[in-house]
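Numbers here are sequence positions counted from 1. Just so you know, these numbers use all the heavy atoms, side chains as well, and skip hydrogens, waters and symmetry mates. Bear in mind that the values here come from a model prediction, so they are computed numbers and not experimental data.
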Amino acid sequence: MDSLQQRSSTVQAPPAAVANRPAPPPAWQPRVDPAPLLPDATPFRVIGTDAMADADPELLLRLYAELVRGRRYNAQATALTKQGRLAVYPSTTGQEACEVAAAMALEERDWLFPSYRDTLAAVARGLDPVQALTLLRGDWHTGYDPHEHRIAPLSTPLATQLPHAVGLAHAARLKGDDVVALAMVGDGGTSEGDFHEALNFAAVWQAPVVFLVQNNGFAISVPLAKQTAAPSLAHKAVGYGMPGRLVDGNDAVAVHQVLTEAVARARRGGGPTLVEAITYRIDAHTNADDATRYRGESEVEAWREHDPIRILERDLTERGVLGEDGVREAAEAAETMAAALRERMNADPVLDPMDLFAHVYAEQTAQLREQAAQLRAELDAESEA
């Protein structure tokens, strides 16, 4: 053993017991029992199990209709990018169950904190589809009033919305407001520092917030195995002192049940929950991505067999809850929405360049006033030319 190894061995060895001196308390002992916080070994499912018999038929039909509408919304938004009406669109085709369930699990007074991919969740919560796509069109700030809809601005920087959700939830509790925040993030976002900070603060403060991780397999082209060696992303919850739940993200009924339970737990003071939904991104990361460079078509086809609409429709049909009329009505309603979205997005917006300086600060800074004056002078010069 060389001298470096000797020094290392000496440092790492436990101190020898000292006669007649009590040992300090074992600092390694857990503050809470970790067992109840651990997620199940397999994702929770409802569709195709006996638990479906206990589900509310009205809820099941609403979930189905929203999934069908969501799929058509994704297809129409993707088509708009090809027509030059949208600058970019991150599709949630294949992930509609997570999007719809997240919106439906919340009460009107609650807040949704979406990522840039979660426009469908915002639409399912009641936001105008055109307003949901305004930011992706490159037009005017957020596109909607966050306070009016209780939907935070779409977050393009990964995971930055998570600490914001914790802050709002913690502040609401301090004020005595009965509010829960639900924050959505992708598997790639769990590799960001904001994810750690948000979960740590949420657990320490016991903030009424629910974290939904949509694990769709890839952070753009990076597979989950190259991001983490954890048994699952839900297992990360234990390290922060909150429960982790693992759910089949393509099972809309299961996701809705898990999120509803987590929201109710947060509302009654039980603290935060981390939910990992196992799903799959059928489309590319965005219209600017070539997914064939990092995954094969056979993988995509395997997930098509576990499509959230297909598995729910099949189960509801077999149970006699959904008939041909219901399938047709859902498709027609979705097509009506898509036609209205297409027509409104084909109209050129009337833009005022001076809006660049609106709603940046409550009181404009000297630099902002200077920039606004410079732009105004340039616009006036163009109009006179």
Side-chain angles (χ1 to χ4, degrees), residues 39-49 51-52 55 59-60 63-64 66-68 70-71 73-74 90-106 112-122 124-125 159 182-190 195 210-219 223-225 227-228 230-237 243-263 273-283 285 295 299-315:
D40 293 334
T42 58
F44 176 69
R45 295 179 58 226
V46 174
I47 297 177
T49 73
M52 275 291 283
L59 171 64
L60 296 176
L63 281 168
Y64 174 75
E66 287 292 338
L67 290 180
V68 173
R71 178 63 55 85
Y73 167 82
N74 272 313
S91 173
T92 51
T93 297
Q95 300 179 218
E96 292 93 347
C98 297
E99 300 283 308
V100 167
M104 291 177 57
L106 295 174
L112 178 70
F113 282 78
S115 74
Y116 62 93
R117 190 177 296 279
D118 301 318
T119 55
L120 174 53
R125 185 154 167 77
L182 193 156
M184 305 177 71
V185 68
D187 49 290
T190 66
F195 176 81
V210 177
F211 302 98
L212 172 60
V213 178
Q214 295 180 83
N215 180 2
N216 63 20
F218 292 91
L224 184 66
Q227 292 190 69
T228 180
S232 74
L233 295 174
H235 276 79
K236 293 179 179 289
R245 296 295 307 274
L246 187 63
V247 62
D248 181 343
N250 286 18
D251 184 334
V253 187
V255 180
H256 182 269
Q257 179 176 326
V258 169
L259 291 179
T260 299
E261 292 172 353
V263 168
T273 302
L274 173 64
V275 178
E276 178 188 0
I278 306 298
T279 183
Y280 195 77
R281 191 189 74 215
I282 294 296
D283 290 343
H285 175 69
R295 68 183 189 185
E299 177 181 320
V300 179
E301 285 303 314
W303 275 96
R304 289 187 192 276
E305 294 300 313
H306 193 57
D307 179 89
I309 299 177
R310 179 183 299 184
I311 63 174
L312 180 58
E313 182 178 302
R314 182 170 56 233
D315 194 299

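- Note that the CE atom of M184 and the CG atom of L112 stand 6.5 Å from one another [nearest 0.5 Å].
- Using a 4.5 Å heavy-atom cutoff, the side chains of P39 and H235 are in contact.
- For E66, the salt bridge (Lys or Arg N to Asp or Glu O under 4.0 Å) partners are R69, not counting sequence neighbours.
- When all heavy atoms of C98 and Q214 are compared, the pair lying nearest together is CB-OE1, 3.3 Å.
- Remark: E305 pairs with R310 by the side chain to side chain contact (heavy atoms under 4.5 Å, CB included) rule, at least two apart or across chains.
- Interatomic distance, L106 CG to L182 CG, rounded to the nearest 0.5 Å: 5.0 Å.
- What you find for F218 and R281 is that their closest heavy atoms are O-NH1, 3.6 Å.
- Evaluation of the salt bridge (Lys or Arg N to Asp or Glu O under 4.0 Å) rule for E299 yields no partner, not counting sequence neighbours.
- Shown here for F195 and G189, the closest heavy-atom pair between the two residues is CB-O, 3.5 Å.
- Closest of all the heavy-atom pairs between H256 and A101 is N-CB, 3.6 Å.
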Carefully, step by step, assess M52 and L60 under the rule side-chain contact (heavy atoms from CB on, under 4.5 Å). CA-CA 9 Å; M52 275 291 283; L60 296 176; 4.0 Å; yes
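- With sequence neighbours excluded, the residues that form a side chain to side chain contact (heavy atoms under 4.5 Å, CB included) with S115 are R117, D118, Q161.
- For the side chain to side chain contact (heavy atoms under 4.5 Å, CB included) test, residues two or more places apart in sequence or in another chain that qualify with P43 are L246, D248, I278.
- Atom CG in L67 sits 10.5 Å away from atom CD in E313 (nearest 0.5 Å).
- You'll find the side chain of V255 reaches within 4.5 Å of the side chain of L259, heavy atoms only.
- Residues that satisfy the side chain to side chain donor-acceptor pair (under 3.5 Å) test with T49, not counting sequence neighbours, are absent from this structure.
- Between A277 and G249, the closest heavy-atom pair is CB-CA, 3.7 Å.
- Side-chain atoms of Y73 and T119 include a donor-acceptor pair closer than 3.5 Å.
- R71 pairs by the side chain to side chain donor-acceptor pair (under 3.5 Å) definition with E96, D307, not counting sequence neighbours.
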Evaluate side-chain contact (heavy atoms from CB on, under 4.5 Å) for T273 paired with E261, printing each intermediate quantity in order. CA-CA 10 Å; T273 302; E261 292 172 353; over 6 Å; no
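- Using a distance-only test at 3.5 Å, with no hydrogens or angles considered, a donor-acceptor pair links the side chain of D251 to the main chain of V46.
- The two residues I282 and G94 make their nearest non-hydrogen contact at CG1-CA, 3.9 Å.
- With sequence neighbours left out, Y116 forms a ring-ring contact (aromatic ring centres under 6.0 Å, His included) with no residue at all.
- When the side chain to side chain donor-acceptor pair (under 3.5 Å) test is applied to T190, no partner is found at least two apart in sequence or on another chain.
- M104 places a side-chain heavy atom less than 4.5 Å from the side chain of L59.
- In terms of the side chain to side chain donor-acceptor pair (under 3.5 Å) criterion, residue partners of S91 (sequence neighbours excluded) are, by chain and number, T93, D283.
- With 3.5 Å as the limit, one finds a donor-acceptor pair spanning the side chains of T279 and N250.
- Under the ring-ring contact (aromatic ring centres under 6.0 Å, His included) criterion, Y280 pairs with W303, not counting sequence neighbours.
- Residues passing the side chain to side chain contact (heavy atoms under 4.5 Å, CB included) test with T228, sequence neighbours excluded: L224, A230, L233, K236.
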